[in-house]
Amino acid sequence: MKIATYNVNGVNGRLPVLLRWLQETTPDIVCLQELKAPGEKFPEEAIRDAGYNAIWHGQKSWNGVAILTRNLPIEEVGRVLPGDPEDVQSRYIEANVNGIRIACLYLPNGNPAPGPKFDYKLGWFKRLAAHTQTLLAMDVPVVITGDFNVMPTELDVYKPERWLDDALFRPEVRAAFRELVAQGWTDAIRKLYPDEKIYTFWDYFRNAYGRDAGLRIDHFLLSPHLEGRLTAGGVDRYVRGWEKTSDHAPVWIEISES
DNA sequence: ATGTCCCTCGACGAGGGA
């Protein structure tokens, strides 16, 4: 079973790219982030015509997440990260698909740091860690995936020294990611490629993709049940080279059937 | 500080976010 995550940066502006990628790579489960569309403007019909069921949590202008499946029923189990009734940003959706609990997230960017946006990011991380502890305790197969807006280590940044003060790489954020993983999760892409430079995002500025000035910020965390079922994974980085493309590339893993 | 691209409002570009 192939599971993918893709920050589309506008699901409607990106629709031709998204549909082409779905058609060419046929993932079984797809987590999308940054829909940048309210719920009623989600392109449900085009996605259904492409062969996918979908659940989504939209919002006007910003954020927005969705889970798509091909030939598999989706049972939504939540669309809010618990812990803050004041948080109205659509950054989280969770479902059961084919015996796996799938959590799709779009973690706050957090810039500029320090500041209220950075505090929101750290608070979001704290709530996430509490919730993932609950998921672990359920003792079922879980995949947590999406745009974490964190480069976990220096290997995940083209020029680490330039990003030290950025909200995607500050020590507090790297520590939060490290502590989250230490609960018992496996960073699937890093497990498959322990020493390689792997990027999932290239800025639109300054020809970042052409220079391979990238970041690894889209991740898969696997519960202990799934660690041994991980058979492959990678980044569809060529998609980043398409016309009218997102600044992220799709990332995917392959999970064997139990 | 810059660069680019998305979104919205609602004007014929500007501003916010990333």
Side-chain angles (χ1 to χ4, degrees), chain A residues 5-21 31-44 46-47 56-66 86-92 104-125 128 145-152 156-170 172-174 176-177 199-219 235-251:
Chain A
T5 185
Y6 188 16
N7 179 322
V8 288
N9 189 10
V11 71
N12 287 304
R14 212 63 68 201
L15 195 56
V17 166
L18 173 62
L19 294 176
R20 177 181 170 194
W21 168 73
C31 293
L32 300 179
Q33 303 86 34
E34 276 207 85
L35 304 179
K36 290 188 170 179
E40 63 272 20
K41 289 201 178 151
F42 183 82
E44 180 180 15
I47 283 172
W56 61 93
H57 183 190
Q59 180 183 333
K60 193 161 88 172
S61 303
W62 321 123
N63 310 317
V65 286
E86 309 279 291
D87 184 4
V88 294
Q89 300 190 22
S90 53
R91 298 180 172 276
Y92 191 84
C104 170
L105 64 84
Y106 174 45
L107 224 135
N109 175 294
N111 278 305
K117 291 187 175 181
F118 191 61
D119 295 341
Y120 174 62
K121 179 177 199 170
L122 294 179
W124 212 94
F125 238 124
L128 179 62
T145 188
D147 178 359
F148 284 69
N149 269 316
V150 182
M151 296 84 90
D156 303 311
V157 200
Y158 67 99
K159 266 198 195 327
E161 64 277 14
R162 286 201 190 165
W163 288 81
L164 292 172
D165 289 330
D166 192 279
L168 279 67
F169 197 56
R170 282 177 69 105
E172 306 94 307
V173 172
R174 275 184 276 167
F177 185 84
Y199 299 145
T200 66
F201 167 94
W202 297 262
D203 215 306
Y204 287 124
F205 304 161
R206 296 173 300 246
N207 188 33
Y209 181 61
R211 297 184 296 121
D212 197 24
L215 310 173
R216 188 173 76 97
I217 56 177
D218 301 273
H219 307 296
V235 180
D236 291 337
R237 54 179 290 155
Y238 57 91
V239 175
R240 180 62 181 78
W242 290 356
E243 289 295 311
K244 299 276 286 175
T245 200
S246 170
D247 41 5
H248 294 248
V251 189

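Because only heavy atoms are used, hydrogens play no part in the values below, and waters and symmetry mates are left out as well, while side chains stay in. Chain identifiers are assigned alphabetically (A, B, ...) following the order of the sequence lines, protein sequences preceding nucleic acid strands; residue numbering begins at 1 within each chain. If you're wondering where the values come from, they're calculated on a predicted model, not measured in any experiment.
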*Only one of A:V8, A:N9, A:I217 passes side chain to side chain contact (heavy atoms under 4.5 Å, CB included) with A:H248; say which it is.*
A:I217
*If the P atom of B:dC12 is compared with that of B:dA1, how far apart are they to the nearest Å?*
30 Å
*Can you check whether A:R206 has a side-chain N or O nearer than 4.0 Å to OP1 or OP2 of B:dT2?*
no
_Nearest heavy atom decides the nucleotide; on that basis, is A:S61 or A:T245 closer to the 5' end of DNA chain B?_
A:T245
*At what distance, to the nearest 0.5 angstrom, does CH2 of A:W202 lie from CZ of A:R211?*
13.0 Å
*A:L107 CG to B:dA18 P, straight-line distance once rounded to whole Å*: 12 Å
*asked:* Just the rounded figure in Å: distance from C1' of B:dT4 to NE2 of A:H248.
replied: 14 Å
*Using atom CZ of A:R211 as one end and atom P of B:dT4 as the other, report the distance to the nearest whole Å.*
13 Å
*Rounded to the Å, how far apart are A:K244 NZ and B:dC7 P?*
8 Å
_P atoms of B:dG16 and B:dG10, separation to the nearest Å_ = 15 Å
*Between B:dG3, B:dC7, B:dA18, spot the one nearest the side chain of A:K117, thanks.*
B:dA18
*asked:* Please report the distance, rounded to the nearest Å, between CG in A:D166 and C1' in B:dT2.
replied: 15 Å
*asked:* Distance check needed: B:dA1 P versus A:R162 CZ, whole Å only.
replied: 15 Å
*Between B:dT8 atom P and A:Q59 atom CD, what is the distance in whole Å?*
11 Å
*Which heavy atom in A:F169 sits nearest to a heavy atom in A:W163, and how many Å separate them?*
CB-O, 3.2 Å
_A cation-pi test, strictly: NZ or CZ of A:R237 under 6.0 Å from the centre of the six-membered ring of A:Y199 and no more than 45 degrees from its axis. Yes or no?_
no
*Atom CD in A:Q33, atom CG in A:L105: separation rounded to 0.5 Å?*
7.0 Å
_It should be established whether A:K36 places a side-chain nitrogen or oxygen under 4.0 Å from OP1 or OP2 of nucleotide B:dG17._
no
_Given B:dC5, B:dT4, B:dG17, identify the nucleotide with an atom nearest to the side chain of A:F205._
B:dT4
*What is the distance from CH2 of A:W62 to P of B:dC7, rounded to the nearest Å?*
10 Å
*Of A:K60 and A:Y204, whose nearest nucleotide on DNA chain B comes first from the 5' end?*
A:Y204
